[in-house]
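First the structure, in the form of structure tokens, and then the observations on it.
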Amino acid sequence: MGLIKTGNYDVAFLDVNMPELSGIEISRYVKDNNINTKIVYLTGYPCVNEMLAKELGADEYLRKPVDLKVIGDIVDKELRILIVEDSPLDAELIARELTEGGLDYTSKWVKSKDEFLRALVEHAPAIILCDYNMPDFGAQEALKIKKESFPKIPLIVVSGTIGEDLAVNTIKLGAVDYILKDRLGRLVMAVRRALEETKIASESEQLRTELIQAKEVQLAHFQKAMANSTDAIGMLTPDGRHYYQNEAFTKLFGFSVSETEAALRSPATIYVDEKVGRSIFDTIMRGDAWTGEVKMFTKDKRIVDISLRAYPIKDNNGNILGLVGIHTDITERKRWEIEREKTLKWQLHTNMLRQALLVSGRLEHKLNIITESVVRIFDADFCRIWLIRPGDLCEKGCIHAKNKIGPHVCRFRDKCLHLMSSSGRYTHIDGKNHARVPFGCYKIGLVAAGLEHKFLTNDVVNDPRVHNHEWARELGLMSFAGYQLKVPGGEVIGVLALFAKHPILASEDALLDNLSTTTAFVVQQAAAAEEMVRSKVIQSTSEMKSKFAAMVSHELRSPLGAIKEGINLVEEGLVGNINNKQKNLLDIAKNNLDRLERLINNVLDFQKIEARGMEFDIRENDINEVVSEVASAMGMLADKKKLDFTVNLCGNVPKSAFDKDRVNQVVTNLVNNAIKFTESGNVSIGTMVENNTLHVVVQDTGRGIRREDILRLFQPFEQIDNLMDKKKGGSGLGLAISKDIIEAHKGKIWAESEFGKGSVFHFTLPIKERRG
Amino acid sequence: MGKIKSTLKKILVIDDEGDLLELTRTRLEVSGYKVLTLDSGARALEVAKCEKPDLILLDVVMPGKNGCDVCRDLKADAATRGIPVIIFTARYPEEEYLKIGFREVGADDYVLKPFDAQALLAKIKFLTHQNS
């Protein structure tokens, strides 16, 4: 307390809590008595803060344990000068010079190395004034020590004359100035300047430190921003060293930093399209940015859609220091876009499809719209619709080969699948081996005949149920789907089938299934509409024909009757005698009149059948008997033309119920035609029994029938103009009447022929027990 | 002559086709009948009443009054009811109707044109004998 009262101290460090007299009481005394001493509290109490300390009378406070350097800062309010001088006189001169120069300072005078070292630490001088040469010490050594430990403290050499070289040397060693003792007048100025420079240097250093710190903060922020970004960011050096990737990058691609670097060496492992990958790198290496969408692989070979922004990192001179890629995962967005596009496309096409199916039009046209829509909506490679239609005759070289029972007749002739519409890769619906497929054969036929209403495979190349794998592989086909076209009754009327280069999904399968039902409905509707139109046409033409036939027959018959009666009267000699020659000529005329009358009667017969239907006398009969009767009746006709006439009867033919006279009429008709149209060779008739059916075959080596005519052979009237051989006579209605008769017996009648080589006519009758 | 006249049966033929009418007349005359002809049904009843034929051969399809109506008229009149009538036609479907329907109009028989001469003569003979 006594020491403080002297007021000789600049600063007093007071422990706050002391026995007898506390630091607080001392500081109060200092303040009360206006003693010019700075009070600094030293305290270990955590409750004491700066504000409290000031209130209690302290200028500053320090928390224990106290950092000595801080104490130094607090004390260092005044200019402390360390004078290193062996001569007390010189030291006194220097001090006086400083005081006279107006410096407010405290000084410490040392004269040896030991004292110098201690003073540096304890006195903490702001500047050192050092004699150049002393008995055991010198400026050179002082400079060395100072440089190592206190490089910031300026040192001015104050010395007698030492020569210019040495002076320059001291400057080189770190002295800020050199003052000659006989020119001390410059000292104060030198000190001031040195202090000023030190201060500036210190300030600028602080400024630089702050700047560096700020930059570090910025950098840290950048790093954090990049690390936390949801975009996947990766950086690499121009020579391909991958040195940074953020967490999102690792998460998205699954590669570690080293794996990314390895993967980047071959772009094909990262970019789905290797070319795009290379062009991205080329663009950046040219110094440009690349932005766009790109498909990339993840580590587990998943494909992700990426919106990529890739930039080169350049220095101020434009040199490329590195590459940065910012990847946004847009897979989901892309998927939705595709999904949406697909939905829109689907809606568009289904609308078109619906409209097209609603308006009336030809069936072929509607089926075309369906196959076309399937190709577009489901991206099918090609789509076809097959309908079951009777295949009257198979084409020559038809793929039915295995199923033939006759020269050209397939046993599936009633269920032959006809290609009605084809879209996509193939658009033709004719041509060999494509136009028809037999029921139960190949995929289409199997689908039609199958128990399952559809057949679906997404692996046509390997599926054992699919034939022709090579073809599928060549075209790159992946999936096949075939659907039965089923009408509400459950009857299969055809098949809708498609091939695609992508798997058919369950949802697509369901839609196709649905579409096949619609198709079946469309076919059924169209068939009904066509049938209606046809029956109307048939009805009207049939009525017209009836009237026409009645009129014609009457008009023909009346004059015919008159001619006939006239000739009869003359020929019978009732109106005068005639000679034999006259009688012969009249006979010829009469015979031909009879023929003409039969012809007219035939027309009338058919007209009657058409109008009323036929009545049958069904009894148990022997077909061989019928054939034999006809053979013996017609044999003479064949003999006349010198034709070889053979009869091949099958032994063991069971009796069956049919109208003997009517069947006789059919056989007679067929044999009569065969003989009529054969000029040389043979005519044969045979019976067979197969599958509970009687089968009669009449074969000839005549001129045959053209293919286009064969289909119309059994239609009434059609062939009167086209087929009837005028020379041979005949109404041409014989086959139409025969067809009516055979079909009334639930049998079938058909013809095969090779034009110029002969014809074969077949008819079958089911073997039936006698009724009742 | 009178004796001859009384033995010859008298037949009235009504047909709109002149040629056929002429041929029929010839056929009947050479077969021993006396033949009267009319080319329409209009005067049939009048002529029949007046001439009292032993049989009438009547075409169905004629312009004006057709054979069926003529036949009904004949059978409705007491004076002509006893005269047998054979109706004939060449026209379908009238002839189909004729086969079952000739009795409905009161005819005694039917024939189809062109005639089978012998069949027609047999029918005429039968009907005139029965009537005589």
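In what follows, every chain begins at residue 1, and chains take the letters A, B, ... in the order their sequences are listed.
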Problem - N591(A), CG atom: more than 12 neighbouring heavy atoms under 6.0 Å - result: yes
Completion exercise
Looking only at L569(A), L574(A), V575(A), most heavy-atom pairs under 4.5 Å shared with chain B are made by L569(A)
Practice task
Look at atom CG of D69(B) and say whether more than 12 heavy atoms of other residues, nucleotides or ligands are closer to it than 6.0 Å.
Solution key: yes
Fill in the blank from the handout: Assert top hit (heavy-atom pairs under 4.5 Å, partner chain A, pool L23(B), V30(B), T24(B), L20(B)) equals L23(B)
Handout entry: Test item: N568(A) and R27(B) side chains (from C-beta on) under 4.5 Å apart, heavy atoms
Key = yes
